[in-house]
Amino acid sequence: MALLAKWCCWGRASEEMPVDNNKSGGGRGGGHGTWRIFSLRELYAATSSFNCDNQIGEGGFGSVYWGQLPNGDQIAVKRLKEWSTKAEMEFAVEVEILGRVRHKNLLSLRGYCAEGQERLIVYDYMPKRSLLDHLHDRFSSESALNWQRRMKIATGSAEGLAYLHHYTKPHIIHRDIKASNILLDENFEAQLADFGFAKLIPEGATHVTTRVKGTLGYLAPEYATWGKVSEMCDVYSFGILLLELISGRKPIERIGTTRRTIVEWAGPLVLQGNFHDLADPKLCGKFHEYELTRVVQTATMCAQHSPANRPTMQQVVEMLKDLNQESTELQDNGSKDWRH
Ligand SMILES: Nc1ncnc2c1ncn2[C@@H]1O[C@H](COP(=O)(O)OP(=O)(O)OP(=O)(O)O)[C@@H](O)[C@H]1O
């Protein structure tokens, strides 16, 4: 229960943190861009008593339910499945960090509820759900992810991550960048979610050593082997995410009895300069060759074995934004770079 007392302080902390102007407000209150404490009763009412028809997802922390507040706002409520000290810590970190940050590409915290052993976190509802749903799961057959949307998701997630690494004090390392943690709003704008494993990095520290959290297939080698965590671990995971986004392949695939990582699959194609074969067949060849090449190069730089050779997220944002800029110029000049 010691943690409960701290929540009051976190409310204040959110007002001290840099607040991005892309989203209004911050700290406690009501309405968009602010968070508040919800009662369990309110959340029962919003989710039809956590009816199974309202359940929209399931993760390690618990189930996620769609709900609606009396003012009509749609919310997503994550409900802890079973109380434990570890779960309490995850809950606390998520609320602490999301309560501090505001950015157009970070999922907005609406608030939380802590009554007895119930722990619930309330977010804005993201109607297009997660990137994972579109790439590999329930919406994959709809092929809603055309090339432009993929590029927008890549740039948006990079901007959210760069904000955490470079514009918050102390810096924040997400530690669980993956497709199910990239949620999508109605315009397919990326919203980085799930801060339960995030870490605050003390001023001046190059890295910290911790127990390994995160998801297989996305883990940077130095982190998976030595537990050494720095911003560069997120950069590596982002490289894997980029490869997944352009190829539609999973970070780890089962081939008979063996497993192949996306890096092992993509590596030979990149070395041969065979970028076409890296593109998701669902795109039916509809992509900018120039953009594809540059995104693959960016992904390859991010997913390098040595952290010292990876770019910072700020550099990644610049590379992806330059790309958008340059490809617009190519189009304006009537370039034949567009395959179809
Ligand atoms: N704010 C939201 N709006 C809409 N759907 C959401 C929202 N939050 C979560 N979901 C849905 O619920 C699913 C589960 O989310 P959750 O964060 O609990 O777990 P996960 O990321 O899939 O897994 P893990 O626990 O391994 O991180 C998501 O993949 C998404 O489909």
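None of these values were measured; they are calculated from a predicted model. Atoms within a ligand are numbered from 1 in the order they appear, just like the ligands themselves.
Close to ligand 1: Asp124, with a non-hydrogen atom less than 4.0 angstrom away. Within the 4.0 Å heavy-atom shell around ligand 1 one does not find Glu90.
Ligand-side atoms of ligand 1 in range of Arg138: 31 (O), range being under 4.0 angstrom from any heavy atom. The distance from ligand 1 to the heavy atoms of Arg129 drops below 4.0 Å at these ligand atoms: 4 (C), 5 (N). Annotation for ligand 1: atoms under 4.0 Å from non-hydrogen atoms of Ser130 are 29 (O). Shown in contact with Asp194 at under 4.0 Å from a heavy atom are these atoms of ligand 1, numbered in order with element: 17 (O), 21 (O), 27 (O). Heavy-atom contacts of Gly60 reach the following atoms of ligand 1: 24 (P), 25 (O) (cutoff under 4.0 Å). Residue Tyr125 has at least one heavy-atom neighbour below 4.0 Å for each of these atoms of ligand 1: 3 (N), 4 (C).
A salt bridge is defined here as a Lys NZ or Arg NE, NH1 or NH2 lying under 4.0 Å from an Asp or Glu carboxylate O, and Arg110 with Asp73 meets this definition. Salt-bridge annotation for Arg150 and Asp280: present, with a side-chain N of the basic residue lying under 4.0 Å from a carboxylate O of the acidic one. Using a 4.0 Å cut-off between charged side-chain N and carboxylate O, Glu244 and Lys178 make no salt bridge. A salt bridge does not link Lys78 to Glu90: none of the charged nitrogens lies less than 4.0 Å from a carboxylate oxygen.
A centroid separation of 6.0 Å or more is found between the aromatic rings of Tyr167 and His103.
Here the protein heavy atom with the shortest distance to atom 12 (O) of ligand 1 is Gly57 CA, 3.5 Å. Nearest protein heavy-atom contact of atom 6 (C) of ligand 1 is Ile56 CD1, 4.0 Å. Counting protein heavy atoms only, atom 19 (O) of ligand 1 is closest to Gly59 CA, 3.3 Å.
Within a 6.0 Å radius of NE2 in His166, other residues, nucleotides and ligands contribute more than 12 heavy atoms. Within 6.0 Å of atom NZ in Lys282, more than 12 heavy atoms from other residues, nucleotides or ligands are found, so the atom counts as buried in its surroundings.
Distances from atom 2 (C) of ligand 1 to the heavy atoms of Ser180, Ala179, Ala76 put Ala76 nearest. Summarising the contacts of atom 24 (P) of ligand 1 with Arg110, Lys178, Gln191, the nearest heavy atom is found in Lys178. Comparing Val64, Ile182, Ile121, Asn181 by heavy-atom distance to atom 9 (C) of ligand 1, the nearest is Val64. Here atom 3 (N) of ligand 1 lies nearest to Met126 when heavy atoms of Met126, Lys78, Arg79 are compared. When the heavy atoms of Thr215, Asp176, Leu131, Asp133 are ranked by distance to atom 31 (O) of ligand 1, first place goes to Asp133.
The two atoms that bring Phe188 and Ile153 nearest to each other are O-CG1, 3.6 Å, heavy atoms only.
A cation-pi arrangement is present between Arg79 and Phe50, with the terminal nitrogen or guanidinium carbon under 6.0 Å from the aromatic centre and inside a 45° cone about the axis.
Under 4.0 Å from ligand 1, not a single heavy atom of Leu132 appears.
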